[in-house]
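Report on one structure; see the data block that follows.
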Amino acid sequence: MQKSEGSGGTQLKNRATGNYDQRTSSSTQIKHRNAVQGSKSSLSTSSPESARKLHPRPSDKLNPKTINPFGEQSRAPSAFAAIYSKGGIPCRLVHGSVKHRLQWECPPESLSFDPLLITLAEGLRETKHPYTFVSKEGFRELLLVKGAPEKAIPLLPRLIPVLKAALVHSDDEVFERGLNALVQLSVVVGPSLNDHLKHLLTSLSKRLMDKKFKEPITSALQKLEQRGGSGSLSIIKSKIPTYCSICC
């Protein structure tokens with residue numbers, strides 16, 4: 001009877017020991033797994049790249065290598081945009097419910113055309129709002145003021161290259177703004193434009209190959225002839241032989 005009890009006690013003891021070993025083994029495996037995961041997490045967060053993302057250094061913001069040289073923000077503003085942002089253009093865009101307009105800081109007729117008219121002409125090559133509107137509308141309104149011919153004619157040698165740059169631009173809208181500005185200028189300066197006309201006609205001749213510009217260019221040439229007088233016709237025909245005079 002004592003042997004039986006001893007045998008049973010031994011079995012119970014062995015079973016208890018086995019359960020303890022299993023619990024100990026499971027606990028050890030869990031601790032080991034947690035330790036491995038903690039080690040991986042520590043390695044990932046301790047890497048220089050991860051640490052830099054979690055705690056960026058002040059020098060990272062100043063390091064040129066972290067800036068995309070081809071990004072939009074890294075592009076330097078155009079000359080016109082820089083002048084406009086500094087208040088060098090004495091007018092501002094006023095947003096209306098139907099259409100926009102310009103608000104001048106002082107009456108346009110009191111302003112000097114030099115260099116304002118040239119600056120506005122340079123802005124015709126802009127492709128972003130509000131510069132596109134400010135440049136084309138400012139150029140148009142400035143030419144409408146009293147005494148505009150006397151102020152604009154002396155600037156023609158400097159204005160023509162700027163307008164030519166707009167007429168040879170690859171952007172269609174820039175070309176159209178340049179064409180409209182040329183017509184507006186011809187209305188003001190009249191025959192004084194003839195001496196400079198040949199420098200612009202080559203650009204117009206090339207665009208005539210495009211069907212969508214044939215009609216507006218032909219209309220512009222007719223207005224140039226009308227404002228330039230008889231002397232303008234021979235100049236236009238010398239560069240664009242296919243042009244038909246308004247007198248025909």
Side-chain angles (χ1 to χ4, degrees), residues 80 89 91 102 104 108-109 111-126 131-210 212-248:
F80 181 84
I89 310 296
C91 61
L102 288 183
W104 294 87
E109 56 268 17
L111 296 172
S112 172
F113 277 28
D114 188 5
L116 181 56
L117 188 64
I118 298 173
T119 302
L120 291 169
E122 290 174 343
L124 296 172
R125 300 198 302 273
E126 293 289 335
Y131 312 125
T132 52
F133 181 85
V134 172
S135 60
K136 72 175 182 179
E137 186 63 18
F139 187 87
R140 185 188 72 84
E141 292 187 13
L142 203 59
L143 288 176
L144 293 177
V145 303
K146 184 178 180 181
E150 292 79 8
K151 295 180 178 181
I153 291 175
L155 299 179
L156 286 177
R158 295 158 60 192
L159 269 174
I160 297 306
V162 177
L163 290 179
K164 182 179 179 180
L167 294 174
V168 300
H169 201 283
S170 59
D171 189 288
D172 290 347
E173 292 184 359
V174 172
F175 170 77
E176 290 175 349
R177 286 195 292 271
L179 185 64
N180 291 333
L182 175 60
V183 172
Q184 293 161 6
L185 184 63
S186 70
V187 172
V188 174
V189 302
S192 297
L193 186 61
N194 290 345
D195 294 337
H196 310 276
L197 200 54
K198 60 182 179 180
H199 300 294
L200 305 172
L201 293 175
T202 301
S203 303
L204 299 184
S205 176
K206 292 180 180 179
R207 291 277 185 165
L208 271 172
M209 304 296 180
D210 192 333
K212 64 182 175 183
F213 290 123
K214 186 174 182 178
E215 183 176 344
I217 291 176
T218 300
S219 175
L221 291 173
Q222 291 174 346
K223 292 176 182 177
L224 292 175
E225 179 190 354
Q226 183 181 8
R227 296 296 178 175
S230 57
S232 63
L233 178 59
S234 59
I235 299 173
I236 296 174
K237 293 286 286 185
S238 67
K239 295 294 182 179
I240 307 178
T242 58
Y243 171 71
C244 293
S245 172
I246 55 176
C247 299
C248 297

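Quick caveat: nothing in here was measured; it's all calculated off a predicted structure.
Put simply, CD1 on I240 and CG on L221 are 4.5 Å apart, with the number rounded to the nearest 0.5 Å. To the nearest 0.5 Å, the span separating CG on L156 from CD1 on I118 amounts to 9.5 Å. In this structure, NZ on K206 lies 11.0 Å from CG on L204, to the nearest 0.5 angstrom. To the nearest 0.5 Å, atom CD of residue E126 and atom CG of residue D171 are 11.0 Å apart. Atom-to-atom distance recorded for I217:CD1 and E176:CD is 9.5 Å, nearest 0.5 angstrom. Atom NZ of K237 and atom SG of C244 lie 6.0 Å apart (nearest 0.5 Å).
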What's the verdict on side chain to side chain contact (heavy atoms under 4.5 Å, CB included) for F139 and R177, showing C-alpha distance, side-chain angles and the deciding distance?
CA-CA 10 Å; F139 187 87; R177 286 195 292 271; over 6 Å; no
Show your working on side chain to side chain contact (heavy atoms under 4.5 Å, CB included) between L124 and N180 and close with a plain yes or no.
CA-CA 10 Å; L124 296 172; N180 291 333; over 6 Å; no
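For the residue pair A148 and L143, the shortest heavy atom distance occurs at CB-O, 3.3 Å. In terms of heavy atoms, A166 sits closest to V174 at O-CG1, 3.7 Å. Nearest approach of L102 to F133, heavy atoms of both residues: CD2-CE2, 4.0 Å.
Residue E109 qualifies as enclosed at atom CD: its count of foreign heavy atoms under 6.0 Å is above 12. The number of heavy-atom neighbours closer than 6.0 Å to NZ of K164, taken from other residues, nucleotides and ligands shown, is 12 or below.
Side chain of K151 to main chain of S112: no donor-acceptor pair is present (N/O by atom type, distance under 3.5 Å, no hydrogens or angles).
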